[in-house]
Amino acid sequence: MNILIIRNNYSPDAVTASYTLGAFFQSQGIAYAIDESSSSVAAIRETALALGGMGRVDMVVVLGGDGSILKAANAVWEYGVPIFGINFGHLGFLVNDLGEDGLIQLMAAALSGDVTVDERANLQVDFCQAEQVIRSRFALNEVTVARGETGRIIAFDVVIDGCPLMKLRGDGVVLASATGSTAYALSAGGPIVSPSHKGLVVAPLAAHTLTARAVVTGPSDVVEVLLEDNQDNREASFFVDGELVDMREDGIDRVVVRRSEYPTKLLRYKDPGFFDLVNATFFA
């Protein structure tokens, strides 16, 4: 078995835990590699070369919070590698808490299969210019189209399956997966959506109207954001899972988002259930 460890380097506890797990794996005859940079998807995949490449990784262990899970998911999405997250961060929707069981017992449970597989629908994001795809990206949480450095509001249309839905002016729009419904989309007034849902959430950002509402789509729906051709829109910013995607030189006028054919596989130990987590995080 080959295991890749991705850790939050800003957490001393996560760094210590990575070496503890490394010693445990070595005692069990398990090959492993620790990504000590976790600065980018490219760096994570470079670390995986020590195990023969990402295609030969059997499990990714993430020591951090939900942000670290996003990095891991972006590194392994097309390989179908299961991710076992252990919480050394702040938010814990996508990771397992240590609780009273401890680090080694959690890891032993994952290795023995005493976990459940939680498949999360992802997003395929296509950035287009004149209907030509310039760049495609993966997202576990969301893609955001937002106003640029000038701070001026942008004008855009939202189209679902070819049907014009909204014509808006405002700070932008968040297109989220069900997983991302508890992240930026929630702050924008979007609904909390069960992670078993395969559709998208469309949440306008500070729209200059009293009628803008968040929308939940179906599993096969394709959402397009069409930017009007003006200077403010040409300076719009694009973010995928919180990471800025620099597209200013490409004249992007359309962002197309659909459900990806590749899900993210999260391993859950003694899963408390999504709505228990929602209650504890937002309402307790």
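Just so it is clear, the values below take in all heavy atoms, side chains as well, and ignore hydrogens, waters and symmetry mates. Along the sequence shown, residues are numbered consecutively beginning with 1.
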Side chains of Phe156 and Leu168 in contact at under 4.5 Å (non-hydrogen atoms): yes

Ile44-Val62 co-clustered via ILVMFWY side chain contacts under 4.5 Å: yes

No-hydrogen, no-angle side-chain donor-acceptor test under 3.5 Å, Ser18 and Arg7: yes

For Asp253, give me all partners under salt bridge (Lys or Arg N to Asp or Glu O under 4.0 Å), at least two apart in sequence or on another chain. none

So, do Val61 and Ile6 sit near enough that their side-chain heavy atoms are less than 4.5 Å apart? no

Under a 3.5 Å cutoff, is there a donor and acceptor pairing between the side chains of Asn122 and Ser260? no

Do the side chains of Asp101 and Lys270 get close enough for a salt bridge, i.e. N-O under 4.0 angstrom? yes

Atom of Ala183, atom of Asn141 and distance for their closest heavy-atom approach: CB-ND2, 3.7 Å

Is there a chain of hydrophobic side chains (I, L, V, M, F, W, Y, each step under 4.5 Å between heavy atoms) that links Val245 to Ile154? yes

Set out, in order, the CA-CA distance, both residues' side-chain angles and the distance that settles side-chain contact (heavy atoms from CB on, under 4.5 Å) for Leu51 and Leu4, then state yes or no. CA-CA 8 Å; Leu51 300 170; Leu4 176 63; 4.3 Å; yes

Taking the six-membered ring for Trp and the full ring for Phe, Tyr or His, determine whether the centres of Phe93 and Phe282 are under 6.0 Å apart. yes

Would Arg120 and Thr264 count as a side chain to side chain donor-acceptor pair (under 3.5 Å) if you check the C-alpha gap in whole Å, the side-chain angles of each, and the deciding distance to 0.1 Å? CA-CA 5 Å; Arg120 299 296 184 96; Thr264 289; over 6 Å; no

Assess whether a salt bridge exists between Glu243 and Arg137, defined as any Lys/Arg side-chain N lying under 4.0 Å from an Asp/Glu carboxylate O. yes

Are Val173 and Val159 connected, step by step, through hydrophobic side chains (Ile, Leu, Val, Met, Phe, Trp, Tyr) whose heavy atoms are closer than 4.5 Å? no

Indicate whether the side chain of Thr116 and that of Arg268 have a donor and an acceptor atom separated by less than 3.5 Å. no

What pairs with Arg259 under salt bridge (Lys or Arg N to Asp or Glu O under 4.0 Å), at least two apart in sequence or on another chain? none

So do the side chains of Val223 and Val158 get within less than 4.5 Å of each other, counting heavy atoms only? yes

Provide the closest heavy-atom pair for Asp157 versus Lys167 in the form atom of the first, atom of the second, distance. OD1-NZ, 3.0 Å

Assess whether side-chain contact (heavy atoms from CB on, under 4.5 Å) is satisfied between Ile83 and Leu267, documenting all intermediate values. CA-CA 6 Å; Ile83 300 172; Leu267 301 181; over 6 Å; no

Begin with the C-alpha distance, continue with both residues' side-chain angles, and end with the deciding distance and a verdict on side-chain contact (heavy atoms from CB on, under 4.5 Å) for Phe24 and Ile30. CA-CA 9 Å; Phe24 172 68; Ile30 297 172; 5.6 Å; no

Are the side chains of Arg254 and Phe127 in touch, meaning some heavy atoms are under 4.5 Å apart? no

Evaluate the side-chain proximity of Leu266 to Val117: yes if any heavy-atom separation is below 4.5 Å, no if none is. no

When rounded to the nearest 0.5 angstrom, what distance separates CD1 in Ile252 from OG in Ser237? 13.0 Å

Measure across Ile5 and Gly22 and return the closest heavy-atom pair with its distance rounded to 0.1 Å. CD1-N, 4.4 Å

Does Lys198 NZ have over 12 foreign heavy atoms under 6.0 Å away? yes

Tyr32 side chain reached by Asn2 side chain, heavy atoms, under 4.5 Å: no

What's the separation between atom CG in Leu49 and atom CE in Met54, rounded to the nearest 0.5 Å? 8.5 Å

Before giving the answer on side-chain contact (heavy atoms from CB on, under 4.5 Å), spell out for His208 and Asp171 the whole-Å C-alpha distance, their side-chain angles and the decisive distance to 0.1 Å. CA-CA 8 Å; His208 197 69; Asp171 284 1; over 6 Å; no

CZ of Phe239 to CG of Leu244, rounded to nearest 0.5 Å, is 5.0 Å

Rounded to the nearest 0.5 Å, how far apart are CG of Leu70 and CZ of Phe138? 8.5 Å

List the atom of Leu140, the atom of Ala73, and the distance in Å for their closest heavy-atom pair. CD2-CB, 3.9 Å

Over all atoms of both residues, closest heavy-atom pair of Ser194 and Ala178: O-CB, 3.4 Å

Does the side chain of Phe238 reach to within under 4.5 Å of the side chain of Asp250, using non-hydrogen atoms? no

How long is the span from the CG atom in Leu205 to the OG1 atom in Thr144, to the nearest 0.5 Å? 6.5 Å

If hydrophobic clusters are built by linking Ile, Leu, Val, Met, Phe, Trp and Tyr wherever their side-chain heavy atoms come under 4.5 Å apart, do Val95 and Phe84 end up in the same one? no

Is it the case that more than 12 heavy atoms not belonging to Phe275 sit under 6.0 Å from its CZ atom? yes

Who passes salt bridge (Lys or Arg N to Asp or Glu O under 4.0 Å) against Glu46, sequence neighbours left out? none

Pair Arg45 + Glu78: basic N to acidic O under 4.0 Å: yes

Less than 3.5 Å apart, any donor N or O on the side chain of Asn74 or Asp241 sitting next to an acceptor on the other? yes

Here the pair of heavy atoms bringing Ser68 nearest to Asn8 is OG-CB, 3.8 Å

Using 4.0 Å as the upper bound for N to carboxylate O, is an ion pair formed by Arg135 and Asp126? no

Do Val57 and Ile3 have side-chain heavy atoms sitting under 4.5 Å apart? no

Interatomic spacing from CD1 in Ile34 to CZ in Phe25 - rounded to 0.5 Å: 9.0 Å

Spell out, yes or no, whether Met166 and Val216 are grouped together once hydrophobic residues are joined by side-chain heavy atoms under 4.5 Å, including indirect joins. no

